[in-house]
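Only one structure is covered here, and it is reproduced in the block below.
Any value given below was found using the heavy atoms of this structure, including those in side chains, with hydrogens, waters and symmetry copies removed.
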Amino acid sequence: MKYSRIAEAYEKIEATTKRLEMTDYLVELLNESRTDLIEKIVYLTQGKLYPDFVGIEIGIAEKLALRAVAKASGYSEKAIEKDLQKTGDLGETTQKFMNKKAQSTFFSTPLTVQRVYETLDKIANSTGSGSVDLKLSLLAGLLSDANPSEAKYIVRTVTGSLRLGIADMTVLDGLAIAFGGGKETRIQLERAYNISSDLGRVAKVVANQGLEGIEKFKVMPGEPIRPMLAERLSSSEDILEKLGGKCIAEYKYDGERVQAHKMGDKVVLFSRRLENITEQYPDGVEYIRNHVKAKEAIIEAEAVAVDAQTGEMKPFQELMHRRRKYGIQQAMQEHPITLFVFEVLYVDGNDLTYEPYPIRHEQLKHVIDETKHIQVAQSIVATNPEQLEQFFEKTVEGGSEGIMCKSTNDDSVYQAGARGWLWIKYKRDYRTEMTDTVDLVVVGALHGRGKRAGTYGTFLLAAYNPDEDIFETVTKVGTGFTDADLQKLPELLNKHRISHKHSRVNSMLDMDVWFEPSVVIEIRGAEMTLSPVHTCAMNVIREDSGVAIRFPRFTGKYRIDKAAEDATTTEEVIEMYRSQLKKIDG
Ligand code: AMP
């Protein structure tokens with residue numbers, strides 16, 4: 001297949017904001033492609049070459065890409081740089097210069113998908129001395145044979161700024177329609193994706209073997225499982241009612257979620273976003289290797305920073321010291337961790353994700369050989385609100401954020417990749433509606449004035465609506481930012497800056513600047529109201545009104561552990577609004 005076919009699909013996808021149309025263009029592309037290429041096409045449309053957990057990124061700095069564009073187009077770096085300052089998008093600038101060049105040259109070899117993928121793969125895998133020159137010449141070679149539109153997308157892909165806005169769920173829809181026999185088969189594909197976290201492999205299997213192949217997908221050590229997530233409620237009564245009168249309530253630890261895969265002596269740790277974080281926690285690796293009593297296992301734990309002297313738990317922020325490439329041994333001595341294990345998903349050939357939680361919980365107690373540094377999460381079985389309340393008070397006194405209440409019913413399976421009512425969190429801050437915190441996605445900003453000239457003054461924040469896979473605005477925040485934050489935020493955000501409102505953002509407000517939904521920050525709101533200008537929960541509580549958070553304040557916490565899709569959901573916002581009303585009513 002020619003790469004120009006892909007570029008053509010990208011052009012169409014970019015031009016629409018409708019998810020259904022996007023899916024149609026994707027389906028056309030998938031249908032036309034040879035089945036052995038499907039896997040590569042799926043990775044490419046997401047701006048990748050491999051699933052995230054493999055950890056291979058194309059990662060070319062914009063400066064280097066610019067040099068390649070100069071080489072391929074025959075124009076000077078200076079001229080290209082000047083244009084880049086105007087457009088703010090190297091892809092667009094590239095297209096312009098390649099267009100100019102195209103008018104003076106006649107033939108080149110058409111690019112195939114295979115060649116583009118293989119060259120990008122070589123670029124991604126070249127390291128060490130001389131690798132910069134090699135990357136430069138590989139990229140320039142590719143661009144020389146590309147037409148202007150192809151060149152634009154190649155440059156965006158290598159600099160990590162493709163951003164077509166195609167969500168995982170849209171790809172799954174596309175695959176279901178193209179190869180599964182219809183959109184309704186997405187649910188099977190979704191399960192395969194949720195337990196493998198590899199969209200490319202799901203695509204390859206369904207394209208070659210149909211749904212039969214998909215049914216054979218199994219949980220496998222080494223392949224991360226997409227994490228199960230919790231809903232939230234704000235009273236013990238509501239929680240027990242929702243969970244059928246009984247639950248296993250656990251301490252909610254404030255650290256970093258870790259999914260550990262033990263394969264004999266080899267241990268791999270994945271973050272909540274499924275990046276490989278094994279290198280950050282050599283101590284965690286040892287605890288798993290020596291204290292998980294199985295040859296092969298997949299478990300989930302919260303890694304919590306503890307005081308080296310007293311063993312007391314420390315806040316989440318302390319783990320920042322472990323996010324580094326070098327000096328990890330020293331950081332490990334100074335900032336030790338304890339693993340609090342709360343799930344077991346696989347043990348020696350047995351997939352436990354279909355077992356109800358009480359069975360997994362029993363297994364967990366058997367499989368962990370507890371020490372000071374690896375422990376099963378503290379828990380009680382609660383059957384009445386007083387018990388739950390008492391446990392909650394106790395954990396909060398012990399420094400916890402609150403508790404996690406887990407269903408014990410027969411259907412309490414591990415819902416990979418889903419937020420559902422089988423886990424319900426009950427956090428300290430829900431106790432008073434005036435101090436609630438939420439994790440929201442930055443989708444836009446207004447330029448700052450006065451003291452804040454040159455940076456941003458106000459940020460538009462959104463909650464995530466998983467049903468429609470869009471981000472809906474709830475508030476604008478300009479308070480709580482220190483000078484350091486105001487410096488750091490543009491650094492974090494500008495990578496995601498786009499020239500128009502993102503296709504998955506639903507906003508009625510106009511902003512100076514738009515961002516691809518990516519950065520998540522924690523906000524403390526004072527109260528919630530109905531609002532005609534915010535789109536979150538539009539028409540749910542009242543016709544033509546959404547729900548908004550008033551007097552929001554940044555808490556200082558960047559939720560770098562969360563992807564945009566892990567932000568507070570529309571459903572949670574509605575729940576918070578309703579529970580606030582209940583409290584006001586008495
Ligand atoms: P939140 O990030 O506020 O949505 O809360 C969910 C997170 O709490 C999970 O992703 C875990 O990282 C963390 N957590 C802490 N303790 C537990 C526990 N006992 N069970 C499940 N998750 C826990």
Closest heavy-atom contact between V474 and A463? CG2-N, 4.1 Å
Are D52 and L274 side-chain neighbours, meaning at least one heavy-atom pair lies under 4.5 Å? no
Find out whether I374 and N290 are in side-chain contact, i.e. whether some heavy atom of one side chain is under 4.5 Å from a heavy atom of the other. no
Taken to the nearest 0.5 Å, the spacing of D561 CG from D439 CG works out to 8.0 Å
Between the main-chain N or O of I359 and the side-chain N or O of E362, is there a donor-acceptor pair closer than 3.5 Å? no
Determine whether more than 12 heavy atoms belonging to other residues, nucleotides or ligands lie under 6.0 Å from atom CD of E279. no
Y253 vs Y251, ring-ring contact (aromatic ring centres under 6.0 Å, His included): CA-CA, chis, key distance, verdict: CA-CA 6 Å; Y253 299 92; Y251 206 105; 4.6 Å; yes
Check: D411 main-chain N/O paired with N409 side-chain donor or acceptor under 3.5 Å: no
Do other residues, nucleotides or ligands put more than 12 heavy atoms under 6.0 Å from the CD atom of E241? no
Any non-hydrogen side-chain atom of P51 less than 4.5 Å from a side-chain atom of S197? no
Taking atom CG of N539 as the centre, report whether more than 12 heavy atoms of other residues, nucleotides or ligands fall under 6.0 Å from it. yes
Salt bridge between R578 and D238, side-chain N to carboxylate O under 4.0 Å? no
Quick one: sort the Y464 and F471 rings into parallel, tilted or perpendicular, breaks at 30° and 60°. tilted
When you measure from the side chain of T475 to the backbone N and O of I549, does any donor-acceptor pair fall under 3.5 Å? yes
Can any side-chain N or O of Q387 pair as donor or acceptor with the backbone N or O of T383 at less than 3.5 Å? yes
Minimum heavy-atom separation for Y414 to M228, with atom names? OH-N, 3.0 Å
Can you check whether V202 reaches F217 side chain to side chain, under 4.5 Å on heavy atoms? yes
Determine whether a donor-acceptor pair (N or O, by modelled atom type, separation under 3.5 Å) exists between the side chain of R553 and the backbone of R524. no
Calculate, to the nearest 0.5 Å, the distance between atoms CE and OG belonging to M508 and S531 respectively. 8.0 Å
Between D348 and K295, is the closest basic N to carboxylate O distance under 4.0 Å? no
side-chain contact (heavy atoms from CB on, under 4.5 Å) for I521 and L440? Distances and angles first, verdict last. CA-CA 6 Å; I521 60 177; L440 299 173; 5.5 Å; no
Nearest-0.5 Å distance that lies between atom CD1 in I166 and atom CZ in R504: 10.5 Å
Under 4.0 Å between a Lys/Arg side-chain N and an Asp/Glu carboxylate O for R201 and E223? yes
Charged N-O contact under 4.0 Å between R232 and E575: no
Are L461 and V442 close enough that some pair of their side-chain heavy atoms sits under 4.5 Å apart? yes
Minimal heavy-atom distance between A294 and V347, with the atoms involved, is CB-CG1, 3.9 Å
Are the aromatic rings of Y426 and F392 close, with centres under 6.0 Å apart? yes
Return yes if some donor-acceptor pair links the side-chain N/O of E516 with the main-chain N/O of G165 below 3.5 Å, else return no. no
Could you tell me if the side chain of S507 sits less than 4.5 Å from the side chain of V443, heavy atoms only? no
Mind listing the closest non-hydrogen atom pair of A416 and I225 along with its distance? CB-CG2, 3.7 Å
Measure the shortest side-chain to side-chain distance between P358 and S412 over non-hydrogen atoms and say whether it is less than 4.5 angstrom. yes
Rounded to the nearest 0.5 angstrom, the CD-OG1 distance for E472 and T569 is 10.0 Å
Between D198 and Y43, is there a side-chain donor-acceptor contact under 3.5 Å, judged purely by atom types and distance? yes
Given 3.5 Å as the limit, does a donor-acceptor pair link the side chain of R191 with the main chain of I214, or not? no
Keeping R550 on the side-chain end and M528 on the backbone end, is there a donor-acceptor pair under 3.5 Å? no
Could you tell me which non-hydrogen atom of L233 sits nearest to which non-hydrogen atom of I424, and how far apart they are? N-CG2, 3.6 Å
Check A564 against V441 and note the closest heavy-atom contact, atom names and distance. O-CG2, 3.7 Å
Kindly indicate, with the supporting measurements, whether the criterion side-chain contact (heavy atoms from CB on, under 4.5 Å) is fulfilled by L172 and Y193. CA-CA 9 Å; L172 288 172; Y193 173 49; 3.9 Å; yes
Counting neighbours of CE on M263 that are heavy atoms of other residues, nucleotides or ligands and sit closer than 6.0 Å, is the number greater than 12? yes
For Q280, enumerate each residue passing the side chain to side chain contact (heavy atoms under 4.5 Å, CB included) test, keeping only those at least two apart in sequence or located in another chain. E256, I277, R323
Using a cut-off of 6.0 Å, state whether more than 12 heavy atoms not belonging to K48 lie near its atom NZ. yes
I'd like to know whether CD of Q390 has more than 12 heavy-atom contacts from other residues, nucleotides or ligands below 6.0 angstrom. no
One pair to check against side chain to side chain donor-acceptor pair (under 3.5 Å): R559 and T568. What are the steps and the verdict? CA-CA 11 Å; R559 295 299 311 251; T568 296; over 6 Å; no
Nearest 0.5 angstrom please: M313 CE to E318 CD, how far? 13.5 Å
Please identify which of these residues, L352, N350, D351, meets the side-chain contact (heavy atoms from CB on, under 4.5 Å) condition with V219. D351
Tell me whether T535 contacts the main-chain N or O of N506 through its side chain, where contact means a donor paired with an acceptor under 3.5 Å. yes
Crowding at CD, E184 (>12 non-hydrogen neighbours, <6.0 Å): yes
Does the salt bridge (charged side-chain N to carboxylate O under 4.0 Å, His left out) test come out yes or no for E522 and K562, once each step is laid out? CA-CA 11 Å; E522 189 183 72; K562 286 198 169 186; over 6 Å; no
Test side-chain contact (heavy atoms from CB on, under 4.5 Å) applied to L339 and Y281, step by step: CA-CA 11 Å; L339 293 176; Y281 296 112; over 6 Å; no
What's the spacing between H361 NE2 and E355 CD if we round to 0.5 Å? 15.0 Å
Test log, rule salt bridge (charged side-chain N to carboxylate O under 4.0 Å, His left out), inputs R257 and D566: CA-CA 13 Å; R257 185 172 185 159; D566 298 325; over 6 Å; no
In terms of heavy-atom contacts, does NZ of K204 have more than 12 from other residues, nucleotides or ligands at under 6.0 Å? no
With no hydrogens and no angle check, is any side-chain donor or acceptor of R19 less than 3.5 Å from a backbone partner on A167? no
Test item: I328 and P282 side chains (from C-beta on) under 4.5 Å apart, heavy atoms: yes
Hey, are Y287 and Q375 close enough side-chain-wise for a donor-acceptor pair under 3.5 Å? no
Say whether Q46 and D168, considering side chains only, have a donor N or O and an acceptor N or O under 3.5 Å apart. yes
If the threshold is 4.0 Å, N to carboxylate O, is there a salt bridge linking R226 and E190? no
